[in-house]
There are 2 protein chains.
Amino acid sequence: MLDLWYSEFHTDQVKFSIKVDKHLYTEETPFQKLDFFSSKEFGTFFTLDGLMMVNEKDEFIYHDMITHVALASNPSIKSVLVIGGGDGGTVRELTRYPHIEKIDMVEIDEAVVRACQKYLPLTASKLEDSRVNLYFEDGVAFVKDKKEAYDLILVDSTDPIGPGEGLFTKAFYQDCFDALTKDGILVNQHESPYYDRDSKAMKKAHNKLKELFPVCKVYEFHMPTYPSGHWLFGFASKRIDPIKDIQKDEWEKIGLKTKYYNTDLHIASFSLPTYVKEMLEENE
Amino acid sequence: MLDLWYSEFHTDQVKFSIKVDKHLYTEETPFQKLDFFSSKEFGTFFTLDGLMMVNEKDEFIYHDMITHVALASNPSIKSVLVIGGGDGGTVRELTRYPHIEKIDMVEIDEAVVRACQKYLPLTASKLEDSRVNLYFEDGVAFVKDKKEAYDLILVDSTDPIGPGEGLFTKAFYQDCFDALTKDGILVNQHESPYYDRDSKAMKKAHNKLKELFPVCKVYEFHMPTYPSGHWLFGFASKRIDPIKDIQKDEWEKIGLKTKYYNTDLHIASFSLPTYVKEMLEENE
């Protein structure tokens, strides 16, 4: 019997491995290497340059947390920009809100979208919603000339190496600020506090965002297949506070069934462990 | 160069591996197999029957969360029973409270304590505190004849297989109930919601506790080296509610510096993801 394992180095000293049934697909694009696998524990999963991006077992956690926190903080959001997110899971959650009118998604690598549409319909199935506009461009360039165009920007990026690198710069965050309306919110893939490389990226992203946005907070969630399982999003906004301004009743009224997110957890997720708070307060 | 890896199967399809500098010690006791290793990422760590118990990098998380939640919920706790916990980390945190008068620790396997005293002084160093009484006995038998003897029982157990199995039974929880004073609290190592085997153990433990204790809640924390990194404790008590009754100011006054725990996180940790709440509400 074939004994095939996918392994990811979470640090050069720590390895996470998943038993694979089948290597479904591989492609080298101008940007990165894509691989799709099937597995018993996590269903279909896909990697970019060998790193786990999305799998069928825990994608609901990441996609719940990247979208619903902002949408419950401001249930009047009408116009959304997703940067990255080629698997489509973030867009899928956004399309569940009837009051959202426009979803622009800018993914640098069209091949990711096409492969996810074929192998991961669980996340990619709503990319054809009539409100969704797909742009296969560099998100950094796309956002440059936009002024007060979006109520929400979701930065659904890879790690700050390779094609995702430009998404962790201050110039990019400044452009995002300018692209947001006066009630605008930015949610940023904020890496993790636990292993050194990830916590350095977390601190850098956070320090840059807090120089620009009046409200700048961090929330956490349990993401079993990401390094350490302890993952974060940054919540930055011009005015709206994710705790004081949460519209619990309005959000409940929309009637979405969510498997991870709920409005109590929303508030709770901003209470961080002491060592994480201390790291975020450090200035570089 | 020696390329030595410790691996643990988190499920039969998922493997977590740590690069090892040295295999420091091994011992077969009448109860289980002990192994101690040194590593760059996690410092010294030890395993029982091949499963990660404690390491120097993330032990502070587990030991903060098993002790301080109960101690902040009732700062008058004077008498504590620790069942299991041979590494000493739970006792170490308890000894930081000057008002605790008595700490009984019942560990079935003396060899665990002796090896941790030698190889893991970080956790074992306070076992010689004058308030600590060590009993090398079966915790299940030890608790049987105790009546209203403890304000707090911490069940710091291994998984419900091998020597830890009896600690997940209703008879044992009933004996704990009887051993607690009228303000008594039980904190139980509650496994994890994520992988099937762990979530089954979680549901079993929770269903048994909620039949016995008027207050029965569950709180979560990020434990990177345990399967999925998403781990839980059960909080069961005769009267005290960990959220309504938290004594924030009194706890702050004690002046303990903690790296993971804080009183905001205490409250937040009881807000669980929707799928976990639903699992806990299921009856077997």
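Just so it is clear, the values below take in all heavy atoms, side chains as well, and ignore hydrogens, waters and symmetry mates. All chains are named by letter (A, B, ...) in the order of the sequence lines, taking the proteins before the strands, and each is independently numbered beginning at 1. Everything quoted here is computed from the prediction, not taken from an experiment.
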(message) Less than 4.5 Å apart, side chain to side chain, heavy atoms only: is that true for A/Y194 and B/H222?
(response) no
(message) Is A/I267 in contact with chain B via its backbone, its side chain, both, or neither, using a 4.5 Å heavy-atom distance?
(response) neither
(message) Would you say that A/F16 contacts B/V14 through its side chain, given a criterion of any heavy-atom pair below 4.5 Å between the two side chains?
(response) yes
(message) Given the ring of B/F9, does A/K19 sit roughly above its face, with NZ or CZ under 6.0 Å from the centre of the six-membered ring and within 45° of the axis?
(response) no
(message) Given heavy-atom pairs under 4.5 angstrom as the criterion, report whether the side chain, backbone, both or neither of B/D58 touches chain A.
(response) both
(request) Find the distance between OG (B/S228) and CE (A/M223) and round it off to the nearest 0.5 Å. (result) 11.5 Å
(request) Let me know if A/Y6 has heavy atoms under 4.5 Å from chain B in its side chain, its backbone, both or neither. (result) neither
(request) May I ask you to test the B/K15-A/I18 pair for a side-chain heavy-atom distance under 4.5 Å? (result) no
(request) Output the option from B/F221, B/F270, B/W5, B/F60 having the highest count of non-hydrogen pairs under 4.5 Å with chain A. (result) B/W5
(request) Answer yes or no: are there more than 12 heavy-atom neighbours, outside A/K33 itself, under 6.0 Å from its atom NZ? (result) yes
(message) Between A/D12 and B/K40, is there a side-chain heavy-atom distance shorter than 4.5 Å?
(response) no
(request) Taking all non-hydrogen atoms of both residues into account, name the closest pair between B/N262 and A/P273 and its distance. (result) ND2-C, 3.8 Å
(message) I'd like to check B/E220 versus A/L265 (side-chain heavy atoms, cut-off strictly below 4.5 Å). Are they in contact?
(response) yes
(message) So, taking the atom named OG1 in A/T258 and the one named OH in B/Y275, what distance separates them when rounded to the nearest 0.5 Å?
(response) 13.0 Å
(request) Output the distance between atom NZ (B/K259) and atom NZ (A/K277), rounded to the nearest 0.5 Å. (result) 15.5 Å
(request) Count the heavy-atom pairs under 4.5 Å between each of B/P224, B/P227, B/A268 and chain A, then report the option with the highest count. (result) B/P224
(message) Any non-hydrogen side-chain atom of B/Y195 less than 4.5 Å from a side-chain atom of A/E41?
(response) yes
(request) Measure distances from A/K57 to the heavy atoms of chain B and classify the residue's part below 4.5 Å as side chain, backbone, both or neither. (result) both
(request) Indicate yes or no for a side-chain donor-acceptor contact from A/T274 to the backbone of B/Y261 under 3.5 Å, with no hydrogens or angles considered. (result) yes
